[in-house]
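Structure first, then comments.
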Amino acid sequence: MFRRSRLQLFREVSLVLRCRPIALLAVLAGFSAGLAAGCVSSPVTPSFEAERYAGHVRILASDDFEGRRPATVGEEKTIAYLEQEFRRAGLEPGAGGSFRQPVPFVELTTRPDAALRISGAGGDTLLKYADDAVYWTKRVVPEIALTDSELVFVGYGIVEPAMGWNDYAGLDMRGKTAVILVNDPGFATGDPGLFNGRAMTYHGRWTYKYEEAARQGAAGAIIIHEEAPAAYPWEVLHNGAARPQLAIDTSGGDASRVGVEGWMTREAALRVFRAAGLDFDTVKAGAAQRGFQPMPLSLEATTRVANDIRRITSNNVVGILPGTKRPDEYVVYTAHWDHLGKSPEGSGDTVFNGAVDNATGTAALIELARAFGEVRPRPERSILFVGFTGEEYGLLGSEYFAEHPVVPLAQIAGGVNMDGMAVDGRTRDVTVVGYGASELEDYLAASAAEQGRVLKPEPTPEKGSYYRSDHFMLARKGVPMLYARAGIDSHEHGPEWGLQQNTDYISHRYHKPSDEFDPDWDLSGAIEDLELYFDVGLMLATEPGFPNWRAGNEFRAIRDQSRAGAAASQ
Ligand SMILES: [Zn+2]
């Protein structure tokens, strides 16, 4: 019964869709007279179907694909499937005659000491590995040690001259270990004048913390985990650290990174600060205030980390649909195909299926490729479809792609990244991560309005999600990238319910073996989102202009510069 009405709905939607994209183009371009003509000249606009879409997700998230870890049998099955579907869609190989862009990885399996020893005048505090702290080295070395490394509390570990903020002021960090709070002072105080208020800036991301500590020359960097500002439970870090780590295999062996990186629990931090004669919460509150001074803790850290080093090759999968009129200009769709593989511990369900994260996005990539393959007339700009590897290990495939692009990045008009599609039905809203970033949102808003939906900022900007998936690697090179997600305001159950579903996913399935395909999912929301992403891409592939970041956005200057360079070379 339910199934039939849903099918009916799709028929209706696809009927409306027949003329929709061109009509939207006309509206955007400001000539409404083009509307009728647009319908005639675009006789084939494909539709999306939940069952076909679900079929891809079911396969990609099956135990047979072993959790899609890079450089495993799971990768081979996954990229073979992507390749087959890209070919079926009529795409051409997009990486130098091949669908595969090889990405060199180094795999580090950490064998940490059983504890991180913190010594001071009052004796030793032992932070047990896994229970109290996790630590590793991302340097490609067989062994590294921290020996009586002086601990310094550097607050949020942020250096931002534009904001007059320097948590390392007056310090020489060489040989020392930074103890750092996660997120940023704006999150901690809610003060909209500090960093971006509750919304996380890049300065709040843990990746930034290690990068800055490395710039300061620190020997070690330990972040204090607190669930609210980190946005995920300790278990996620614990599970992550237990698995072999991946990094892009650079000639420098990542020697510029901090020697020992890690996290400690809040409980461990309470003990460490007590050993230093300090109250953690008091000191922490001070770190969110202007004029905070870094504090040597009169404690020393000692531990040792050994690495098993293995060099492996993984692959980004790249397909291209050549444009008819401007083939050297591009629209890009991206989604990471990888996930976390299988658990090294052998009992129970050991496969991290990554059904939502990101079999749903990979299936969306496949479906968009199929749809664009069917569009007649063919789009004017070329369309790139990229399945990234190594997202789960630090946006590695996209970083490599951005550093070794298969087409000039300045020639990419814009793109859409998909990481986790809607599985809880239709919504009245569309969640835009990093809301307000670029003009691509105007395209999305126009298409969403056709569905009777509105754009909304993400409900939890403090999680820093815009910095947490692959579009970020292209964005920071200036390419306008849209990253939207399932809305919250469920048609059937309302917004509270929708938010609850999100929270439930993060607590119970995110990065756990329980993120599995569920035949009871309501994929009608994913189908609507696919229609939106299709429209945005078709508009981008048809219009002559290059959209930009909005004024004041952190990536706009980079884009203006690269576009000016591209224009000058033509
Ligand atoms: Zn993901």
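When a ligand or atom number is given, it counts from 1 through the structure's own listing order.
- Residue Ala413 comes nearest to Phe546 through the heavy atom pair CA-CD2, 3.8 Å, listed as atom of the first residue, atom of the second, then distance.
- There is a side-chain donor-acceptor pair under 3.5 Å between Glu212 and Tyr208.
- Between Ser398 and Asp470, the side chains place a donor N or O and an acceptor N or O closer than 3.5 Å (distance only, hydrogens not considered).
- Here His336 meets the criterion, with an N, O or S atom under 2.8 Å of the Zn ion (ligand 1).
- Here Asp419 reaches the Zn ion (ligand 1): one of its N/O/S atoms is less than 2.8 Å from the metal.
- The atom name of the N/O/S atom in Asp357 closest to the Zn ion (ligand 1) is OD1.
- The ring pair (Phe, Tyr, Trp, His ring centres under 6.0 Å) with His471 is formed by just one residue from the set Tyr333, Phe401, Phe555, Tyr466; it is Tyr466.
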